[in-house]
Novice: 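I am attaching a structure below and will ask some questions about it afterwards.
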Amino acid sequence: MISEVKAETAVLVGLITREQDEDKTCEYLDELEFLADTAGAVTVKRFTQRVTGVNQVTYVGKGKLEEIRQYIRAEEDEGREIGMVIFDDELSAKQMRNIEAELKVKILDRTSLILDIFAMRAQTANAKTQVELAQYRYMLPRLQRLWTHLERQGGGSGSGGGKGSVGLRGPGETQLEMDRRIILQRITLLKQRLVEIDRQKTTQRKNRGRMIRVALVGYTNVGKSTIMNMLAKSEVFAENKLFATLDTTVRKVVVDNLPFLLADTVGFIRKLPTDLVDSFKSTLDEVREADLLVHVVDISHPGFEEQIEVVNRTLKELGCAEKPMMMVFNKIDAYTWTEKEPDDLTPMTRENVTLAELKRTWMARMSGQCIFISAREHENIDEFRDTLYRRVSELHVQKYPYNDFLYPITEA
């Protein structure tokens with residue numbers, strides 16, 4: 001009998017600040033836990049600290065770091081080893097080095113966790129190259145901590161004890177510079193490889209004929225791949241995990257008499273590292289070159305409005321904010337709300353709003369340019385197809401007035 005591999009356990013750490021209240025921090029840590037779960041780790045404990053700003057030396061205060069250290073030791077004494085501590089923000093090399101010295105366990109931040117998931121999800125040569133480039137860019141300023149073992153060699157290199165660093169400074173620095181040079185050379189090579197892949201992708205896009213391009217965009221895990229499978233009758237990988245889709249998939253879709261190209265793109269996320277956005281340029285070019293963006297939103301998520309802002313902000317960074325867009329609110333089957341008691345005089349929150357009220361609000365805000373569906377349960381799919389058909393045909397007539405194939409629909 002083969003025993004199952006035991007999942008690594010993780011402790012999460014986040015900050016409550018003036019810009020990020022307790023509810024927001026809890027929501028971010030929920031997402032961090034989902035990221036950890038996607039990477040294969042089990043979260044056993046969360047720590048938060050209310051601070052005015054991030055500690056530049058240890059991220060959290062010394063007292064909180066000591067509390068985390070004591071928790072880890074107590075768990076180890078009980079035979080429950082803590083595999084890693086994950087911080088909700090990107091850590092500097094100095095912060096990571098200091099925290100690791102204090103806690104003596106593996107330290108990850110949000111960025112390194114996302115990179116780990118990306119590395120796990122990458123299937124094609126394009127995605128693997130993009131992930132490797134992002135990993136090297138992340139690693140470069142943090143090289144110093146990889147060579148701390150040289151400091152610990154110590155021993156008989158000096159008299160009277162001391163730190164024993166005499167005679168080790170040179171090799172340490174040489175090795176560090178050597179590694180930096182190797183990584184910089186590798187980054188240059190990967191960039192050249194991505195330019196070549198980009199050139200191939202551009203040629204592929206040019207050869208796709210005169211069809212309107214539609215790109216599914218949205219936060220990670222909102223159901224883009226499920227919608228892709230439903231419209232294109234294809235088998236794009238979809239599961240309830242973050243970043244299930246990493247490679248852009250393009251399929252030809254025909255609605256009634258209208259063929260068009262539909263692209264499923266990598267999901268966006270809060271605090272998405274700039275290096276990742278830069279590295280995934282060729283993948284995100286499908287978004288840049290699209291004629292219509294279909295912004296998919298998980299309406300059942302309590303923070304869906306902030307997710308919309310994150311996607312809009314990322315689209316703006318990509319220079320795509322002005323593109324024609326339709327908003328699709330997915331997962332209406334999973335939407336829940338709590339009715340307020342008649343004598344409850346507290347202000348209404350998002351949890352007290354019915355789906356019907358939410359529909360009215362967003363329909364008014366978007367001037368009717370949005371639709372509510374459940375891709376999994378196939379609710380309102382006909383209305384979605386009709387709306388998509390109308391938007392794509394309008395764009396097609398504008399872009400290709402002398403089209404080759406927009407033939408009239410014949411009644412059976």
Side-chain angles (χ1 to χ4, degrees), residues 35 39 89-97 100 106-150 168-207 215 220 243 245-250 263 265-269 271-290 313-320:
L35 283 166
D89 293 290
E90 189 168 316
L91 300 174
S92 67
K94 182 169 77 171
Q95 287 172 327
M96 202 168 263
R97 190 164 60 246
E100 204 171 61
K106 183 164 60 178
I107 304 300
L108 296 178
D109 57 15
R110 178 181 270 256
T111 303
S112 56
L113 186 59
I114 291 172
L115 283 170
D116 187 65
I117 295 166
F118 271 43
M120 181 173 66
R121 296 290 191 189
Q123 297 294 323
T124 65
N126 186 19
K128 286 175 181 174
T129 306
Q130 289 167 332
V131 170
E132 191 180 346
L133 177 59
Q135 284 176 320
Y136 278 129
R137 281 174 160 169
Y138 173 82
M139 193 189 297
L140 193 60
R142 294 167 177 81
L143 267 181
Q144 184 70 47
R145 64 186 281 270
L146 301 178
W147 289 98
T148 51
H149 67 278
L150 289 173
L168 290 173
R169 293 186 189 118
E173 285 178 356
T174 306
Q175 186 65 60
L176 202 60
E177 291 307 314
M178 197 185 300
D179 279 8
R180 186 173 283 120
R181 190 167 63 253
I182 290 168
I183 287 179
L184 286 170
Q185 287 171 350
R186 186 70 182 159
I187 285 174
T188 303
L189 179 68
L190 291 169
K191 282 180 177 177
Q192 289 169 352
R193 197 176 292 171
L194 283 176
V195 167
E196 184 57 37
I197 291 170
D198 202 26
R199 197 177 295 126
Q200 292 168 4
K201 292 260 184 189
T202 304
T203 306
Q204 286 172 11
R205 281 192 283 267
K206 283 178 182 172
N207 293 336
T220 182
F243 303 116
T245 303
L246 204 57
D247 293 292
T248 299
T249 309
V250 181
T265 61
V266 62
F268 302 142
I269 197 168
K271 305 178 185 178
L272 188 67
T274 310
D275 284 347
L276 275 180
V277 176
D278 291 344
S279 300
F280 275 72
K281 178 191 170 295
S282 59
T283 299
L284 295 168
D285 272 347
E286 290 293 345
V287 177
R288 287 191 185 94
E289 297 201 11
R313 196 160 54 244
T314 310
L315 288 173
K316 193 174 180 181
E317 289 171 14
L318 293 170
C320 303

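Scope of the values below: all heavy atoms of this structure, side chains included, with no hydrogens, waters or symmetry mates. What you are looking at is a predicted structure, and each value in this text was computed from that prediction instead of being measured.
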Novice: With Glu132, which of Arg137, Arg193, Arg186 fulfils side chain to side chain donor-acceptor pair (under 3.5 Å)?
Specialist: Arg186
Novice: Give me the atom names and distance for the closest heavy-atom approach of Val287 to Ala215.
Specialist: CA-CB, 4.3 Å
Novice: Which distance, rounded to the nearest 0.5 Å, do you find between the NZ of Lys316 and the OG1 of Thr314?
Specialist: 12.0 Å
Novice: Below 4.5 Å, heavy atoms only, C-beta onward: do Leu189 and Gln192 meet side chain to side chain?
Specialist: yes
Novice: Any carboxylate oxygen within less than 4.0 angstrom of a Lys/Arg side-chain nitrogen, looking at Arg199 and Glu196?
Specialist: yes
Novice: Could you check if a side-chain atom of Ile114 sits within less than 4.5 angstrom of a side-chain atom of Tyr138, using non-hydrogen atoms only?
Specialist: no
Novice: Are the side chain of Arg110 and the backbone N or O of Leu35 linked by a donor-acceptor pair below 3.5 Å?
Specialist: no
Novice: Restricting to non-hydrogen atoms, name the atom on Arg142 and the atom on Leu91 that form the minimum distance, rounded to 0.1 Å.
Specialist: NH2-O, 2.7 Å
Novice: Is any side-chain heavy atom of Val131 closer than 4.5 Å to a side-chain heavy atom of Gln135?
Specialist: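 Sidechains of Gln135 and Val131: in contact.
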Novice: When rounded to the nearest 0.5 angstrom, what is the spacing between CE in Met96 and OG in Ser112?
Specialist: 5.0 Å
Novice: Hey, could you give me the OG1/CG distance between Thr111 and Asp116, rounded to the nearest 0.5 Å?
Specialist: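 Result: 12.5 Å between the selected atoms.
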Novice: Would Asp109 and Asp89 count as a side-chain contact (heavy atoms from CB on, under 4.5 Å) here? Give the steps.
Specialist: CA-CA 6 Å; Asp109 57 15; Asp89 293 290; over 6 Å; no
Novice: Can you tell me how far apart CZ (Phe268) and CZ (Arg313) are? Round to the nearest 0.5 Å.
Specialist: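 So the CZ of Phe268 and the CZ of Arg313 are separated by 12.0 Å.
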Novice: Testing Leu184, Ile182, Ile183 one by one against Arg180 for a side-chain contact (heavy atoms from CB on, under 4.5 Å), which residue passes?
Specialist: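 Only one option passes, and that is Leu184.
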